[in-house]
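Comments concern the structure below.
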Amino acid sequence: MFRIAKPQIKFFSVGVLSMILGVQLGLLIPVIVGWFIDSIVVNHRANELWAIVISLLGVTVLKGLFDFGNRYFNEKGGELSMYKLRNQLFQKLQSHSLTFIQSRSEGNILSRMTADLDVIKSYLSRDFRLGISAIYYYFSIGVIIYLTLPLLILFYLVLVPFLFLISWVYGRKVRPIIKERRKTLDRVSTHIQEKVANVDIVQAFTMEKYELDRFHDENKLYRDLAVKSLLIRGSTLPLATVLVSVAGVAIIWFGSVEIVTNPLTGLTIGQIVSLNLLMIQLRTPTRLFGNFISGVNSVQVSADRVFDILYSDVDIRDKENPLTQMGEIKEITYNKVTVTIKERKILSDITLKFKGETVNGILGSSGSGKTTLINLLPRFQDPQEGSILINGVNIRDYSLKTLRQNISIVNQENFLFNKSILENLLFSNQNVSMDEVVKYTKIAQIHKFISSLPEAYDTIIGERGITLSGGQQQRLSIARALLSRPKIIIFDDSTSSLDAGTELIIQEELQKLEYKVTMIIISQKISSVRYADYVCLLDQGEIIEQGNPSELLNSEGLYRKIYSLQRLDSMVVEEEVQ
């Protein structure tokens, strides 16, 4: 944390210096009050009253200025540090593989990017200076006591360790509670995120009461942990107040005895009052140190969670001196590829070959490994065994930027941003003309719908494209992918929400693209791969059939059975069999 905050050291230094000067001025007030009692009250010097008033006003104003500098410069240093850390964290998340991201829930990541960063900022800009402030308070009060009445320093040195011990006990007891609260907050955040995103499903199955009860349980646990930490704070820190109050009474008693029995010491009533006020002020550093200990415990938990991501190993990265150019696609080869996730084989010894500038289909039921197979191509994740080659070159030899710039993916679940239709389309390629945008939206059969909207391409579509139907979202995503002019385009069940007629028109239009492209179509429907040059069938992570669709249709394998079951043109099947 301090390494990240180091560039802002000038702001923190000014802030801490302002804090120290503010503390010192605050401790001058009891001294001035003692002076007031001895000079004005005891000696009846009313003519010096103006000096006391001016001194108190001057100290108060200066202390206010230094308190402002303390808060402003420390807060500024904290905000600038968090700006840097937030950028680093976001950049690191973007560089991680799907495997890493999927191992953590969205709520967990969001909590680390928000609540945990706020805790770190609070520590850097507030809690850390509270610790320094408390230590300086103790030291400065001790010096003033020693200069006023040296004998009392022994009493003070006995008292202060007890105050430190109270703060330490509080921090030790509250730390595990803070850690558990963070975990509970993750679950609460995840629950909110999931249920807000899928409120239609919850309502469709009338599960509102069930989900409310689940949320209530987690929220109640979070509340109970918060109350428990407050109970610990309430049962420990007031003890410090009691000790300080007892110390104040002891000062008055001891000072009074000294004045009556040993007047030669020179101790005055004003000094006794000053010492008593200083003892009362010990409540402030004790409270500050308690908050500091609490802040240390909180920030240890939050920093562990943030730096767990920031300093995690990136499992997918560029090799040294990677290739930055990729020629026309001639061939894509999977060579004995195996993928294992959590000791379960998702793909097993996959070997297949796609020819360049052809249409290729991958068929299989849910869970057969289709999406995993394709996620390997842009290196969203890497296989544990085997290799993938493009034009005979291992894809690990290409830079990630080069590899991914040449591949576009249209997923079944299309993520669209809460921006205009045009901004969503240009997300894949900022350097295209409006004519090109229109051309590709026509290919995707979405231009007519966009033109019918009051604001046409400037229409805001809402978060995740919520104002559009599933089919409209998919067609918009197809147009966005085409605008990047990729060399490889992957359709991952991306026409599942389209009617058969629209799907057929889009497939026919895709055959007319003016640039050369290799298409890979993932689907459970044979109708989606009717124009494919090559098809492979996956089942439980293994290829069970592959080849030309006509050849597969004339065989007695699974492809023909699926074809018949889906009734895609049973008359054609019968004619071809005859």
Side-chain angles (χ1 to χ4, degrees), residues 1-6 8 12 74-75 77-90 92-93 96 100-101 103-134 164-193 215 217-237 287-313:
M1 285 190 300
F2 290 120
R3 185 164 59 249
I4 288 169
K6 187 177 179 181
Q8 315 309 328
F12 288 118
N74 278 299
E75 289 288 342
E79 288 292 352
L80 293 175
S81 299
M82 287 308 97
Y83 168 78
K84 175 183 177 181
L85 179 56
R86 197 176 291 112
N87 282 339
Q88 290 178 339
L89 195 59
F90 187 76
K92 191 59 175 280
L93 282 171
H96 269 300
F100 179 91
I101 299 297
S103 67
R104 292 158 171 80
S105 68
E106 290 183 26
N108 178 285
I109 292 174
L110 184 62
S111 177
R112 297 184 192 213
M113 288 284 290
T114 53
D116 287 317
L117 285 183
D118 282 343
V119 171
I120 294 174
K121 191 206 81 169
S122 177
Y123 178 80
L124 289 174
S125 60
R126 178 178 177 273
D127 298 333
F128 180 68
R129 64 180 166 87
L130 292 184
I132 297 176
S133 177
F164 271 103
L165 180 62
I166 290 169
S167 297
W168 181 79
V169 169
Y170 164 71
R172 184 179 179 185
K173 285 187 176 182
V174 85
R175 187 175 192 275
I177 298 174
I178 292 171
K179 192 170 184 178
E180 188 59 34
R181 281 182 68 192
R182 287 282 163 219
K183 292 179 180 178
T184 307
L185 181 61
D186 275 353
R187 295 195 295 270
V188 169
S189 299
T190 298
H191 191 98
I192 293 172
Q193 187 273 328
F215 181 78
D217 292 341
E218 292 291 353
N219 199 25
K220 182 176 180 295
L221 176 59
Y222 185 75
R223 180 204 66 187
D224 292 344
L225 289 169
V227 171
K228 189 175 181 180
S229 65
L230 289 174
L231 180 63
I232 293 173
R233 180 187 179 90
S235 62
T236 53
L237 295 185
R287 175 177 54 81
L288 295 180
F289 200 73
N291 289 334
F292 167 71
I293 294 295
S294 175
V296 168
N297 284 295
S298 294
V299 82
Q300 283 178 333
V301 173
S302 291
D304 281 345
R305 288 157 50 85
V306 169
F307 295 130
D308 171 59
I309 293 177
L310 189 62
Y311 295 117
S312 56
D313 291 330

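Values below: all heavy atoms of this structure, side chains included; hydrogens, waters and symmetry mates excluded.
- Two residues are said to be in side-chain contact when any heavy atoms from C-beta on lie closer than 4.5 Å; Val296 and Asp127 fail this criterion.
- To the nearest 0.5 Å, atoms CD (Gln88) and CE (Met82) are separated by 9.5 Å.
- Contact record, Phe12 with Gly78: CZ-N, 3.5 Å, taken as the closest heavy-atom pair.
- Annotation for Arg3 and Tyr311: closest pair NH2-OH, 3.4 Å, computed over non-hydrogen atoms.
- The nearest pair of heavy atoms linking Ser81 to Gln8 is OG-CG, 3.5 Å.
- Using a 4.5 Å heavy-atom threshold, the side chains of Ser302 and Tyr123 count as separate.
- A donor-acceptor contact shorter than 3.5 Å links the side chain of Arg129 to the backbone of Ser125.
- Considering only heavy atoms from C-beta on, Phe307 comes within 4.5 Å of Met1 through its side chain.
- Looking at Leu310 and Ile4, their side chains come closer than 4.5 Å, going by heavy atoms from C-beta outward.
- Between Leu117 and Lys121 the shortest side-chain heavy-atom distance does not fall below 4.5 Å.
- Inter-residue side-chain proximity for Leu85 and Ile120 is flagged as met; some heavy-atom pair is nearer than 4.5 Å.
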Original post:
Can you list the steps and then say if Asn74 with Phe128 is a side chain to side chain contact (heavy atoms under 4.5 Å, CB included)?
Top reply: CA-CA 10 Å; Asn74 278 299; Phe128 180 68; over 6 Å; no

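- Ion pair Glu75/Arg126 not flagged as a salt bridge, since none of the NZ, NE, NH1 or NH2 atoms sits closer than 4.0 Å to an Asp/Glu carboxylate oxygen.
- Remark: Leu89 CG to Arg112 CZ distance equals 9.5 Å, nearest 0.5 Å.
- Panel note: side chain Ser122, backbone Asp118; no donor-acceptor pair is recorded below 3.5 Å.
- Applying the salt bridge (Lys or Arg N to Asp or Glu O under 4.0 Å) criterion to Asp224, with sequence neighbours excluded, gives Lys220.
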